Amino acid sequence: AYLEKLVEQLRELQGADTRQIDLRIDAEVVIVPMATALPLGMATVELVTNAFKHAYPLGEGGPVRLALVARAGACCLTVEDSGVGLPDGMVPARADSFGFQLLENLAKQLDATITVRSDHGTSIALDIPLGDQASTA
């Protein structure tokens, strides 16, 4: 419910530019401590906002999928689209953009691994170890 409310507010903030985007949320219920929830929420905001802004230029539309999957002692947050992908030659870990720097810092806070795929769109996943600090409902 939190992710749905969060991304709906992001859509409202982006305005008419997001009408053509088919936003899908596939999220399992994962209960995490506040120290994990805050950077996880900030990473979600950054990833979804970037998908809204950059995946489909010139008012085009298409799908954006947000997934949160629980695994034994971990969870994975993924935001993916089938849009234009990242610019040729861009290496996110070495990008000068504020967004990727923020994502790298949030991943460090979460002790997470970032996986970026940019073929037939963009997919960015954060694999977050949780140990015994989380539960699923």
Side-chain angles (χ1 to χ4, degrees):
Y2 170 73
L3 289 176
E4 289 176 6
K5 183 176 267 188
L6 179 65
V7 296
E8 218 28 67
Q9 289 174 343
L10 290 173
R11 184 189 290 272
E12 288 176 23
L13 287 172
Q14 294 297 318
D17 294 342
T18 64
R19 275 188 251 150
Q20 300 299 325
I21 293 176
D22 177 22
L23 180 62
R24 299 180 203 149
I25 302 172
D26 299 317
E28 296 176 8
V29 175
V30 180
I31 301 167
V32 297
M34 191 60 70
T36 300
L38 290 174
L40 182 59
M42 291 175 67
T44 302
V45 168
E46 182 60 29
L47 292 171
V48 172
T49 299
N50 281 346
F52 282 164
K53 285 182 171 180
H54 304 295
Y56 304 104
L58 304 173
E60 297 172 17
V64 170
R65 179 177 172 261
L66 167 65
L68 181 64
V69 178
R71 299 184 181 138
C75 70
C76 182
L77 172 73
T78 304
V79 176
E80 57 190 6
D81 62 68
S82 58
V84 298
L86 296 175
D88 288 339
M90 180 180 205
V91 179
R94 289 180 268 176
D96 289 336
S97 75
F98 175 76
F100 276 118
Q101 290 175 2
L102 175 62
L103 192 59
E104 288 284 334
N105 286 330
L106 293 169
K108 285 179 187 174
Q109 287 179 32
L110 294 165
D111 197 26
T113 303
I114 301 174
T115 304
V116 178
R117 181 189 53 76
S118 185
D119 56 339
H120 306 294
T122 302
S123 173
I124 301 178
L126 287 174
D127 288 303
I128 305 158
L130 299 172
D132 58 359
Q133 64 175 326
S135 62
T136 57

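Just so it is clear, the model here is predicted, and its values are computed rather than measured.
E28 places a side-chain N or O within 3.5 Å of a backbone atom of A70 that can act as its donor or acceptor partner. The main-chain N or O of I21 is found under 3.5 Å from a side-chain atom of R11 such that the two form a donor-acceptor pair. At least one donor-acceptor pair under 3.5 Å links the side chain of Y56 to the backbone N or O of P63. Judged by distance alone, the side chain of T44 and the main-chain N or O of L40 form a donor-acceptor pair under 3.5 Å.
Checking V30, L110, V32 one by one against I128, the side chain to side chain contact (heavy atoms under 4.5 Å, CB included) holds for a single residue, L110.
In this structure, R65 does not pair ionically with D81, as no charged nitrogen and carboxylate oxygen lie closer than 4.0 Å.
Of all the heavy atoms in S118 and L86, the pair that sits closest is OG-N, 2.7 Å. Taking each heavy atom of G85 and T122 in turn, the nearest pair found is CA-OG1, 3.2 Å. Smallest separation of non-hydrogen atoms from V45 and T49: O-OG1, 2.7 Å.
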field: R117 vs D119, salt bridge (Lys or Arg N to Asp or Glu O under 4.0 Å): CA-CA, chis, key distance, verdict
entry: CA-CA 6 Å; R117 181 189 53 76; D119 56 339; 2.7 Å; yes
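Residues forming a salt bridge (Lys or Arg N to Asp or Glu O under 4.0 Å) with E4 (at least two apart in sequence, or on another chain): none. With sequence neighbours excluded, no residue forms a side-chain hydrogen bond (donor to acceptor under 3.5 Å, both in side chains) with T113.
P57 places a side-chain heavy atom less than 4.5 Å from the side chain of V84. Annotation: side chain of L68 is not in contact with side chain of C76 (no heavy-atom distance under 4.5 Å). When side chains are defined from C-beta on, L23 counts as touching V7, because their heavy atoms get closer than 4.5 Å. Residues L103 and L126 have side chains in contact (heavy-atom distance under 4.5 Å, counting atoms from C-beta outward).
Between the side chains of N50 and E46, at least one donor N or O lies within less than 3.5 Å of an accepting N or O.
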